[in-house]
Undergrad: 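Input: one structure, supplied below.
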There are 2 protein chains.
Amino acid sequence: MPRTHESHALTDLILEIFRLNGHLLTAGDQLMEPLGLTSARWQVLGAIDLADRSLSVAQIGRRMGLARQSVQRTVNDLERLGFITLEANPDHARARLVVLTEKARSALKEVDGVQAAWSGALAEGLSAERLTEAAGLLHDLTERLTASGGRARSASKPISMTPKGN
Amino acid sequence: MPRTHESHALTDLILEIFRLNGHLLTAGDQLMEPLGLTSARWQVLGAIDLADRSLSVAQIGRRMGLARQSVQRTVNDLERLGFITLEANPDHARARLVVLTEKARSALKEVDGVQAAWSGALAEGLSAERLTEAAGLLHDLTERLTASGGRARSASKPISMTPKGN
DNA sequence: GTCATAATGACAGTCGACTGTCAATTAAAC
DNA sequence: GTTTAATTGACAGTCGACTGTCATTATGAC
């Protein structure tokens, strides 16, 4: 199988994705470090906030495309840090509900402002059209991968950005 | 700070990057699972192969943009699995050289063929121009992030693709 | 040549993802 | 109403990245 032009271009693109992904993760962590949050922790809080009600660990996992075991670990950390409490679930004796504390709500508000400023600065001077076109291409690639392939290790590795927007 | 159009478009793009990154990692791992390799292991072998000589653990780390401790861990695994041997380094009493075994060389050859077929199939029907344009945009974003920001968690998370090409 | 500094491997520990397994619980089938 | 299947939390273990620290070894300055 000879390498086509497209194949080469795709390989380059993939390398850029890996590189940028790493930098974005780092940037996200730095953005909320002062608040005592990490990307993973923030994602969990965001999922609950977005749902507008309390959720069980397994529900959060499904919404985020993660294994429930991964979420469990993060939830344990968040409870220890006072961002959430675990309350009785009338619908399920074992599956307690993860509830945001006031500390979590104010942290989320804080992050939202910081993230808006950050993404605005990073996007400055770039045309919305180019950004959208690139996003569309990546979306296509994801579809091709998931269509032919099997389940992914993680449905998404979304981190820092947009707890609500999406 | 009001959210601009660009800011929104960027946020969408970022989410696509996280998603696709996860899928690509999975695909890469699946691609070389039959050979007993993982993305991280393959990367280390690829770095040595590309250098065309034996390298110390720290040298590999620098070339891959990883902490030498991460490489050390992988190298230990690779030695246990018979993909590499650690040989005396005339230039440094402690820093032994990581040397590829025949097993590693044949595995690398195998992966190269499989990866070519895989990326060819994934790229089919996509224009090289679109791919290149997107790669350029991501490259710009990486530059903006690294210019203003500090060091990244990992200079690159390259995995599966192109041990040699690059 | 000696001495301070940098590089190196090794070790311990953190973080975030995963898989697999188990017992308890809920829900569904019959 | 029982029995079976699916869901759930908890626990143990793997993998890949990170940081920090230590003693050893090279290297450079003087």
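Throughout, a chain's letter reflects where its sequence line sits, starting with A, and its residues are numbered from 1. In what follows, every heavy atom counts, from backbone to side chain, and hydrogens, waters and symmetry copies are set aside.
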Undergrad: Please enumerate all residues that pass side chain to side chain contact (heavy atoms under 4.5 Å, CB included) together with A:Q59, with sequence neighbours excluded.
TA: A:R53, A:L55, A:S56, A:R62

Undergrad: Can you tell me the distance, in whole Å, between the NE2 atom of A:H92 and the P atom of D:dA6?
TA: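 Those two atoms, NE2 and P, are 15 Å apart.
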
Undergrad: May I have the distance from A:L25 (atom CG) to C:dT14 (atom P), rounded to whole angstrom?
TA: 21 Å

Undergrad: Can you name the residues that form a side chain to side chain donor-acceptor pair (under 3.5 Å) with A:T74, not counting sequence neighbours?
TA: none

Undergrad: Name all residues meeting the side chain to side chain contact (heavy atoms under 4.5 Å, CB included) criterion together with A:S70; count only those two or more places apart in sequence or in a different chain, and write none if there are none.
TA: A:A67

Undergrad: I want to verify a distance call: between D:dA17, C:dG9, D:dG9, whose nearest atom is closest to the B:L66 side chain?
TA: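 Nearest to the side chain of B:L66 among the choices is D:dA17.
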
Undergrad: Identify which nucleotide among D:dG16, C:dC18, C:dA10 has an atom closest to any side-chain atom of B:R41, counting heavy atoms from C-beta outward.
TA: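 Nearest nucleotide to the side chain: D:dG16.
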
Undergrad: Counting side-chain heavy atoms from CB outward, which of D:dC18, D:dA26, C:dA10 is closest to B:A67?
TA: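 Of D:dC18, D:dA26, C:dA10, D:dC18 is nearest to the side chain of B:A67.
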
Undergrad: Would you mind reading off the distance between B:N89 atom CG and C:dG9 atom C1', rounded to a whole angstrom?
TA: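 Spelled out: CG on B:N89 to C1' on C:dG9 is 12 Å.
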
Undergrad: Applying salt bridge (charged side-chain N to carboxylate O under 4.0 Å, His left out), name anything that partners B:E6, two or more places apart in sequence or on another chain.
TA: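 B:E6 satisfies salt bridge (charged side-chain N to carboxylate O under 4.0 Å, His left out) with no other residue.
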
Undergrad: Please tell me which of the listed nucleotides, C:dT25, D:dC15, D:dC18, lies nearest to the side chain of B:T38?
TA: D:dC15

Undergrad: Nearest to the side chain of B:A40 - C:dT8, D:dA17, D:dG9?
TA: D:dA17

Undergrad: Strictly under 3.5 Å: I want the nitrogen or oxygen pairs between protein and nucleotides 22-24 of chain C, one per line.
TA:
none

Undergrad: Residues in side chain to side chain contact (heavy atoms under 4.5 Å, CB included) with A:A121, at least two apart?
TA: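 For A:A121 there are no side chain to side chain contact (heavy atoms under 4.5 Å, CB included) partners, ignoring immediate neighbours.
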
Undergrad: Measure CD1/A:I84 against C1'/D:dG9 and give the value in whole Å, please.
TA: 14 Å

Undergrad: Can you tell me the distance, in whole Å, between the CG atom of B:L37 and the P atom of D:dG16?
TA: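 That distance rounds to 10 Å.
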
Undergrad: Please state how far atom CG in B:D29 lies from atom P in C:dC18, giving the value in whole angstrom units.
TA: 13 Å

Undergrad: Run the salt bridge (charged side-chain N to carboxylate O under 4.0 Å, His left out) test against B:R94 and tell me which residues pass, sequence neighbours left out.
TA: none

Undergrad: To the nearest Å, how far apart are B:N21 CG and D:dA17 C1'?
TA: 13 Å

Undergrad: With sequence neighbours left out, what residues match B:R41 under salt bridge (charged side-chain N to carboxylate O under 4.0 Å, His left out)?
TA: B:D77

Undergrad: Less than 4.5 Å apart, any side-chain heavy atom of B:L13 and any of B:L141?
TA: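 Side-chain contact under 4.5 Å: yes.
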
Undergrad: Where along residues 69-83 of chain A does a heavy atom come under 4.0 Å from DNA chain D, residue by residue in number order?
TA: A:Q69, A:Q72

Undergrad: If you round to the nearest 0.5 Å, how far is CG of B:D91 from CG of B:L97?
TA: 8.0 Å

Undergrad: To the nearest angstrom, how far is A:I60 atom CD1 from C:dG16 atom C1'?
TA: 16 Å

